[in-house]
Protein chains: 2
Amino acid sequence: MAQTDTVTRILDTAEVLFAERGFAETSLRNITSKAKVNLAAVNYHFGSKKALIQAVFARYLDPFTERFHTVLDELESEYGERPIPLEVLLECMARTVLEVPAERNSLKVFMRLLGLAYTQAQGHLRRFIQDHYGSVFTRFAELVRRATPDLPDAERFWRLHFMLGTVIFTLSGLDALRDIAEKDYGEHVSVRDLIRRLRPVVVAGMNAPLPEPAKAAS
Amino acid sequence: MAQTDTVTRILDTAEVLFAERGFAETSLRNITSKAKVNLAAVNYHFGSKKALIQAVFARYLDPFTERFHTVLDELESEYGERPIPLEVLLECMARTVLEVPAERNSLKVFMRLLGLAYTQAQGHLRRFIQDHYGSVFTRFAELVRRATPDLPDAERFWRLHFMLGTVIFTLSGLDALRDIAEKDYGEHVSVRDLIRRLRPVVVAGMNAPLPEPAKAAS
DNA sequence: TGACGTTTTAAACATCCGTTTATAATCAGA
DNA sequence: TCTGATTATAAACGGATGTTTAAAACGTCA
């Protein structure tokens, strides 16, 4: 099965290089030479560089969304009509994020890719992710809405993205930060450590008091 | 003074294009044609594309750090030996961030650039920023340390970066998010609105309860 | 005016990019 | 073993990139 071998070798190499340098800064020749594969193989198997980028994401996001939907199903049948507490929802998401890429020790890569999807231009990527995986985010957001009934809709929208920023930014820039932390505090930090540290901060942020109204307070 | 004119026209155009598309995705020909300047002018005035990128950052960060140092001086002389409250420190930083690029209506650009500095590869940029502007961050971190004496050093280190992630991620991806928010909640959101919303979340995150210890809790 | 340092300009440079082509190798089914 | 489709490979394509060169234009001061 030389075909599958070539395809996965391309994907394995591409995801690492993309995560390290970004999409535009990683050439097909970088990928194919490191993967020991012919240059034309990418266009043969994937069609284009854009399609390769999307395939790299799909390999993470397909199992993630499937698993996340399953776990949410279980939670919903367990709680019935009662709202699922915010802590449970966050815990459940964290667990899923941890489990999916675990087999390849690539959580760091996964997070970095998510960060790139947000920050790199690549309009096609945003559209691809929105179209293929928007529904699972919508479902999660709706459950968060029920868990935080006192939060105005707009406020919750923004806080969800604040928290997304906290997590993605931290985990995607992890390598650089870890070096500093290790040097300054002599403490080795695993991704699981970081998630343990993140949880109370995220929960406190979501439950923070509402900001003072825009124009009031003379 | 045609020289100054050319230099600033290059910088003005470059910062907008960099913020929109990133560094690698913006070619010198993009910049020079939009700025109505000869292609070779960039290499003549700045030496290289890397140097141009650094010059774009220096134009924001030089006045920012100068002003921030001044404001911190004032705060320290006002509080003497007493620690400056966290809210005051954050408020002071937010005000400085808002004031510096205000004259050019370019806060959005500034934030987006900061986000790029973190997420794009560009090792030279990280080194440049670290070398030239690391000291002001160190000073701020020390003041935060005195404001949160109960926080373990490592915990505070990570929380500072969590908060940095929240702010930079949100403000740098602001355009996309603002479109969604406007469509879904019919609410126009200014950068000042967002900072108003950010403050309670950031404060609550910094003051969140400590995470449970790593291996305890049978 | 004339000479000189600075700035602008057009053109070329070498290099890299993503993609395509045409040919060779490989493999399964008859 | 021959056939036909699938996969691998080397080479080339057209175009874009950052940078350099050498000549022109400009401004300034004697």
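Labels below follow one simple rule: chain letters A, B, ... track the order of the sequence lines, proteins then strands, and each chain is numbered from 1.
Looking at heavy atoms from C-beta onward, A:E15 lies in side-chain contact with A:Y60 at the 4.5 angstrom threshold.
Between A:H161 and A:F157, the gap from one ring centroid to the other is short of 6.0 Å.
B:T26 comes within 4.0 angstrom of sugar-phosphate atoms only, judged by non-hydrogen atoms across all strands, and of no base.
Computed from coordinates, the A:I53 CD1 to C:dG18 C1' distance equals 12 Å when rounded to whole Å. The interatomic distance linking B:K50 (NZ) with D:dT19 (P) rounds to 9 Å, in whole Å. Rounded to whole angstrom, the span from the CD1 atom of A:I31 across to the P atom of C:dT19 amounts to 11 Å. Residue B:H45 contributes atom NE2, which lies 6 Å from atom C1' of C:dT7 at whole-angstrom precision. When rounded to the nearest whole Å, the span between CZ of A:R29 and P of D:dC13 equals 14 Å. Separating the CG atom of B:N30 from the P atom of D:dG15 is a distance of 17 Å, rounded to the nearest angstrom. In this structure, OH of B:Y44 is placed 17 Å from P of C:dA10, rounded to the nearest angstrom. Straight-line distance from the CZ atom of B:F46 to the C1' atom of D:dG18: 15 Å, rounded to whole Å.
Of the candidate nucleotides D:dT9, D:dT7, C:dT9, C:dT9 has the atom nearest to the side chain of B:A40. Closest to the side chain of B:L28, from the set D:dA12, D:dT19, D:dT7, is D:dT19. Of the candidate nucleotides D:dG18, C:dT19, D:dA10, C:dT19 has the atom nearest to the side chain of A:N43. Here the nucleotide nearest the side chain of A:K49, chosen from D:dT17, C:dG18, D:dA8, is C:dG18. Ranking C:dC17, C:dT7, D:dA12 by closeness to the A:L39 side chain, first place goes to D:dA12.
A salt bridge between B:K108 and B:E20 is absent, with no side-chain N of the basic residue lying under 4.0 Å from a carboxylate O of the acidic one. In this structure, A:D193 pairs ionically with A:R196, as a charged nitrogen and a carboxylate oxygen lie closer than 4.0 Å.
An OP1 or OP2 oxygen of C:dC16 is reached within less than 4.0 angstrom by no side-chain nitrogen or oxygen of A:S27. For C:dT7, the OP1/OP2 oxygens have no side-chain nitrogen or oxygen of B:T6 closer than 4.0 Å.
If you find the closest nucleotide of DNA chain C to B:N38 and to A:V42, the one lying nearer the 5' end belongs to B:N38. Nucleotides of DNA chain C nearest to B:A41 and A:S48 differ in position, and the one nearer the 5' end is that of B:A41.
Interatomic distance, CZ of A:R21 versus OG of A:S27, reported as 7.5 Å (0.5 Å rounding).
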